[in-house]
Amino acid sequence: MENAGKANETVVPPDTGYGYLWRLDSYWRFWERDGGVYVEVRAISLTRDIPSGLGWLIEPIIKKLPRQSLINTLTATRQALSVKVDAL
């Protein structure tokens, strides 16, 4: 997005822009087995090169963020499904 939240907000075409995260795809698989539902999530991220001199600052974030994001997504999915089941 360019100018997010402003009147002239526009969607930037894929593979353009200046961010370090260039593309993120996720694939979800659900299947019922053993009296429950299994969820498999695969996330694939593509990042740009980090400019020399900034690696010490940005690299730890890039390495930690995908894992933490996936953990948060799965935790929220589990909580939402548990609430739905309890309501039945």
Side-chain angles (χ1 to χ4, degrees):
M1 300 295 297
E2 282 186 356
N3 304 314
K6 297 179 182 173
N8 61 341
E9 175 180 287
T10 57
V11 176
V12 177
D15 303 330
T16 60
Y18 301 102
Y20 292 109
L21 181 61
W22 196 18
R23 183 170 286 187
L24 177 64
D25 293 313
S26 61
Y27 304 90
W28 290 71
R29 180 178 171 207
F30 299 86
W31 67 98
E32 186 176 355
R33 184 192 290 166
D34 304 326
V37 176
Y38 289 81
V39 179
E40 178 182 353
V41 181
R42 293 178 186 233
I44 301 170
S45 59
L46 178 63
T47 60
R48 297 180 190 268
D49 289 336
I50 301 169
S52 58
L54 287 179
W56 65 272
L57 176 66
I58 297 172
E59 197 168 319
I61 296 168
I62 289 175
K63 288 185 175 182
K64 216 161 60 168
L65 187 63
R67 178 181 170 87
Q68 192 58 47
S69 176
L70 189 56
I71 289 169
N72 292 344
T73 299
L74 290 173
T75 300
T77 302
R78 181 188 308 159
Q79 289 173 346
L81 291 173
S82 295
V83 169
K84 187 76 169 175
V85 170
D86 291 343
L88 298 175

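Excluded from the calculations below are hydrogen atoms, water molecules and symmetry mates; all remaining heavy atoms, backbone and side chain alike, are included. From a predicted model like this one, the values you see are computed outputs, not experimental measurements.
- Taking CG of L81 as the reference point, atom CZ of F30 lies at 7.5 Å (rounded to 0.5 Å).
- Within the structure, every pair that satisfies the salt bridge (charged side-chain N to carboxylate O under 4.0 Å, His left out) test and touches residues 29-39, not counting sequence neighbours, is listed here: R29-E40.
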Distance-only criterion, 3.5 Å: show the donor-acceptor pairs between side-chain atoms of residues 50-75 and protein atoms not counting sequence neighbours.
from: W56; atom 1: NE1; to: G53; atom 2: O; distance (Å): 2.8
from: E59; atom 1: OE2; to: K63; atom 2: NZ; distance (Å): 3.2
from: Q68; atom 1: NE2; to: N72; atom 2: OD1; distance (Å): 3.1
from: N72; atom 1: ND2; to: Q68; atom 2: O; distance (Å): 3.4
from: T73; atom 1: OG1; to: S69; atom 2: O; distance (Å): 2.9
from: T75; atom 1: OG1; to: I71; atom 2: O; distance (Å): 2.8

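- Of all heavy-atom pairs between E2 and V12, the closest is CG-CG2, 3.3 Å.
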